[in-house]
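Below is one structure, written out as structure tokens; comments come after it.
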Amino acid sequence: MGVRGETGAEEVRRLELRGAEGVVGRCRDFTAAALADWGWTPARDEEAREVADDVLLLVSEVVTNACLHAGGPEEIVLRHRDGVLRVEVADPSPEHPRRGGPRPSSLPGGHGVMVLDRLAGRWGSRTRETGGGKVVWLEIAGPGAIRPPSDLRIPGA
């Protein structure tokens, strides 16, 4: 059984978010359901399980950062095409994520960018075209996918 979205049209899921209570769990559940629909779960092997776990961790991280630093997430969008998942989290803040200075790993917090750097194939942020604020995005390839297709990327991202 292949992963849906491996070839062909992009599949998109969108969830508008209101309020911060339970938003991280809602976004994880929303993402987990999409991964199941797109054939990423149940995992067919250890690599596939690790990739799905990484996706859920990355969603938690980006949504938590929007809650802590950007006034809360307003929307999460999942785009799936050619075995690559793109996660986009929109928030009202115009401030883009930036790397902090060196920080001891034993201290809590402040490790979000490091998590993105290590687990996401690509990530970044862009200014929203309408409504102000920004979108923080990340891309992660499913098991067996080579690289994100260039037409999945948003210009300027």
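Note that this is a predicted model, so its numbers are computed, not measured.
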With [X], which residues qualify under salt bridge (Lys or Arg N to Asp or Glu O under 4.0 Å), at least two apart?
X: E95; value: none
X: R28; value: none
X: D54; value: none

Looking only at heavy atoms, what is the nearest atom pair of [X] and [Y], with distance?
X: W123; Y: D117; answer: NE1-OD1, 2.8 Å
X: I140; Y: V55; answer: CG2-CG2, 3.5 Å
X: L138; Y: A120; answer: CB-CB, 4.1 Å
X: C27; Y: I76; answer: SG-CG2, 4.0 Å
X: P73; Y: D91; answer: CA-CB, 4.4 Å
X: V135; Y: A90; answer: CG2-CB, 4.0 Å

Please name all residues satisfying side-chain contact (heavy atoms from CB on, under 4.5 Å) with [X], sequence neighbours left out, ordered by chain then number.
X: T64; answer: V24, L68
X: H96; answer: S125, T127, K134
X: A48; answer: A43, R44, D45, P143

Before accepting this row, confirm whether a basic side-chain N of the pair R13/E11 lies closer than 4.0 Å to the acidic partner's carboxylate O.
no
Is E16 paired with R18 through a side-chain N to carboxylate O contact shorter than 4.0 Å?
yes
Do [X] and [Y] make a side-chain contact, defined as non-hydrogen atoms from C-beta onward lying under 4.5 Å apart?
X: D37; Y: L35; result: no
X: E74; Y: P92; result: yes
X: P97; Y: N65; result: no
X: L17; Y: R26; result: yes

Is the NZ or CZ atom of R126 positioned over W137's six-membered ring, under 6.0 angstrom from the centre and within 45° of the axis?
no
Identify, with sequence neighbours excluded, every residue that meets side chain to side chain donor-acceptor pair (under 3.5 Å) alongside D29.
none
First locate atom CG of L78, then atom OG1 of T31, and finally report the distance between them rounded to the nearest 0.5 Å.
4.5 Å
To the nearest 0.5 angstrom, please state how far the CZ atom of R14 sits from the CD atom of E88.
8.0 Å
Remaining members of the apolar cluster that contains V12, side-chain heavy atoms under 4.5 Å
V77
Decide yes or no on side chain to side chain contact (heavy atoms under 4.5 Å, CB included) for D53 and L57, but give the supporting numbers first.
CA-CA 6 Å; D53 288 348; L57 175 61; over 6 Å; no
Is the H80 ring parallel, tilted or perpendicular to the W38 ring (thresholds 30°, 60°)?
parallel
